[in-house]
Amino acid sequence: MTTSLSTSAPPTTHHPLSFTQQFLRLFDQGDGQGPFSARYNIVVGWRVRGRLDVETLHQAINEVAAKHDSLNATITRGDGVAHQTIQPPSPARLLVVDLPKAAQEYRGRKAEELLTEIESGSYSLQELPHLRAVLGRFDDEDAVLALIVHHTAGDGWSMQLLIRDIVTCYARRRGHDVPEQPVARPYHEYAAWQQENAGSAGAVAARGYWRKKLRGARMLAVKTDHARSEGLGKVCPVYRFTLTKELSEEALAFAKRNRSSPFMVLLAAYNVLLNRLTGATDLVIPAITSGRGQPEFQETVGPFFNFLPLRTDITGCESFRQVVDRTRSTCVEAYAREIPFLQIAAESPELMAEAALDDRALCALQVWQFATVMEGERIGDLAVEEVRGRLFSQPNGTDIPDGALLTFDIDPSGEIYGNFAYNSNLFTESSIMSMVAEFSGILRYGVAAPDSPME
């Protein structure tokens, strides 16, 4: 299905890469895998209720895709200076499928099965725009809309902006009087701002902090089940789990009582886990942040995520509360001085040495807690709600460039959902499941008896 674009095509222009895009280039081995592969995507789905005009939906998707330069950019990855080239907008792909008939109580599972199938697919990085959509219809008034964006062109925050803009644009095209969305600054302006800001006094001071903070540090890598040199084939399974409702509530309440964010409490438990796995007490954990510290770019679609090495020394900690306190201090210091990871790594040349070992790999952590912008809200004809709390593991998901990634999603209801994505050529499912089980036990005991000696 194609429709004409109402936005006039801008002239082709070249712009520098952002630091995030430059960082991703470090993992590009030119082997069809990694950050520039057809599998390095982010997929988010929403239940859409209301009678849907498919042609108008496609027009809205095209209009939104045309206004975001990151979705229309090609990246040159040669040996010289890499850059991104903004291409004239072209129609986005929209695939419409009829889902199997199912009673209302089973449709949530069918929606999740659709997203799992989409995540296991490949989507050419050469085909623009970097936004695709799949509409799965249960009936004329109940559907699942999945958006697919290549990770070099967007992030989790971007997906929320896109669905909001698409539904708003759809409503306007259907004749509804809905408020205009804020004008988004183009992503290439953010990349340019980063280059200009790199020499600012604040950035220089931050680099000085990281130089001192990471002196003698190594990013903590865990022992893998398989060495890279074994040359095993790689897919990226996802092990999904849920913290019990009671544990989720206790963890969030504990965080509030202790003047900590939920991320700090989850990171503290992760610190304890990795201490048990490696025996290390000087822990440098790779955490993925939103990277959106500049208010003027809050509405911008693009890859802003950052890789932040959080160093916490838990030597002498006898209780979980003490680990949380030290973790909180680490986070407060680090987030106040956040700069792109490439700038941080330049101040600590040996930081990634351990991660390069044949039988070691990084296990990064990220926690999502931004409020979804479409949570059952009705705009015009449609009510839209994100498909959250996915419960079923899958044998192959979107690509993880190297190692493993543990993600927690804190639902607006307060429940905490987790997924652990990993490289199958490095880790086995049993090891990942064991890590999750031990993490849950550490968190449960820690928030229930924070001042008791840790086991």
Side-chain angles (χ1 to χ4, degrees), residues 1-7 37-68 70-72 87 89-102 107-154 156 158-170 173-174 236 238 301 374 381-387 390 392 394-399:
M1 175 181 293
T2 59
T3 56
S4 60
L5 297 176
S6 60
T7 303
S37 75
R39 297 186 49 77
Y40 190 57
N41 304 290
I42 181 168
V43 177
V44 181
W46 291 267
R47 287 290 290 276
V48 180
R49 292 180 173 86
R51 189 165 292 274
L52 189 62
D53 183 320
V54 176
E55 184 66 25
T56 302
L57 175 64
H58 197 199
Q59 293 169 356
I61 293 171
N62 284 334
E63 182 178 333
V64 171
K67 78 174 188 177
H68 294 291
S70 66
L71 301 178
N72 300 286
Q87 307 291 349
S90 54
R93 286 190 177 223
L94 170 63
L95 174 65
V96 181
V97 298
D98 290 323
L99 298 175
K101 300 297 182 183
R107 290 186 178 184
R109 176 163 186 169
K110 294 298 181 183
E112 184 171 346
E113 290 173 352
L114 174 65
L115 295 179
T116 295
E117 180 180 353
I118 294 170
E119 286 175 335
S120 66
S122 297
Y123 308 92
S124 173
L125 184 58
Q126 305 307 314
E127 182 181 322
L128 297 177
H130 298 303
L131 169 65
R132 295 170 175 80
V134 176
L135 181 69
R137 297 187 295 191
F138 290 113
D139 54 44
D140 290 341
E141 296 196 4
D142 188 3
V144 180
L145 177 62
L147 299 182
I148 307 146
V149 171
H150 198 273
H151 234 326
T152 59
S158 298
M159 303 302 277
Q160 302 297 326
L161 299 175
L162 288 171
I163 188 63
R164 181 202 63 189
D165 288 357
I166 288 169
V167 174
T168 300
C169 181
Y170 175 89
R173 286 177 172 269
R174 294 281 293 169
C236 296
V238 183
V301 168
M374 301 296 298
D381 302 329
L382 306 177
V384 181
E385 184 175 11
E386 186 175 342
V387 178
R390 295 171 60 185
F392 302 101
Q394 61 190 83
N396 193 10
T398 57
D399 193 33

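FYI, side chains are in, hydrogens and waters are out, and symmetry mates aren't considered; it's all heavy atoms of this structure. Numbers for residues simply follow the sequence, beginning at 1.
The pair Lys67-Asp165 meets the salt-bridge criterion, with a side-chain N (NZ, NE, NH1 or NH2) lying under 4.0 Å from an Asp/Glu carboxylate O. Under 4.0 Å is where a charged nitrogen must lie from a carboxylate oxygen, and between Glu112 and Arg109 no such pair does.
Residues Ile61 and Ala133 approach most closely at CD1-CB, 3.8 Å, considering heavy atoms. The minimum heavy-atom distance linking Pro100 with Phe138 is given by the pair O-CD2, 4.2 Å. In terms of heavy atoms, Asn62 sits closest to Ala92 at OD1-N, 2.6 Å. Contact between Leu115 and Ala146 at its shortest, heavy atoms only, is CD2-CB, 3.7 Å. The shortest non-hydrogen separation linking Cys236 to Asp399 is SG-OD1, 3.3 Å. Contact detail for Ala102 and Lys110: the closest heavy-atom pair is CB-CG, 4.1 Å.
Of the possible donor and acceptor atoms, one in the side chain of Asn72 sits under 3.5 Å from a partner among the backbone N and O of Ala65. Side chain of His150 to main chain of Thr152: a donor-acceptor pair is present (N/O by atom type, distance under 3.5 Å, no hydrogens or angles). Arg39 contributes a side-chain N or O that, together with a main-chain N or O of Gly397, makes up a donor-acceptor pair within less than 3.5 Å.
Under the salt bridge (charged side-chain N to carboxylate O under 4.0 Å, His left out) criterion, Asp142 pairs with Arg47, Arg107, sequence neighbours left out. Scored by the side-chain hydrogen bond (donor to acceptor under 3.5 Å, both in side chains) test, Ser120 finds no partners at all (sequence neighbours excluded).
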So Leu125 and Tyr40, side chain to side chain contact (heavy atoms under 4.5 Å, CB included) or not? Walk me through it. CA-CA 9 Å; Leu125 184 58; Tyr40 190 57; over 6 Å; no

List the steps, then state whether side chain to side chain contact (heavy atoms under 4.5 Å, CB included) holds for Arg93 with Ile148. CA-CA 10 Å; Arg93 286 190 177 223; Ile148 307 146; over 6 Å; no

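When side chains are defined from C-beta on, Ile166 counts as touching Leu147, because their heavy atoms get closer than 4.5 Å. Put simply, the side chain of His68 reaches to within 4.5 Å of the side chain of Leu162, judged on heavy atoms. In this structure the side chain of Leu145 never reaches within 4.5 angstrom of the side chain of Leu52, judged on heavy atoms. At least one side-chain heavy atom of Val144 sits less than 4.5 Å from a side-chain heavy atom of Leu99.
Annotation: the span from Thr56 atom OG1 to His58 atom NE2 amounts to 11.5 Å, rounded to 0.5 Å. A distance of 6.5 Å separates CD of Glu385 from CZ of Arg49, quoted to the nearest 0.5 Å. Remark: His130 NE2 to Ser124 OG distance equals 9.0 Å, nearest 0.5 Å. With rounding to the nearest 0.5 Å, the separation of CZ in Arg132 from CG in Leu71 is 11.0 Å. With rounding to the nearest 0.5 angstrom, the CD1 atom of Ile118 is 12.0 Å from the OG1 atom of Thr398. Expressed to the nearest 0.5 Å, how far CH2 of Trp46 lies from CG of Leu382 amounts to 14.0 Å.
Annotation: Glu117, atom CD; neighbour count of heavy atoms from other residues, nucleotides and ligands within 6.0 Å does not exceed 12.
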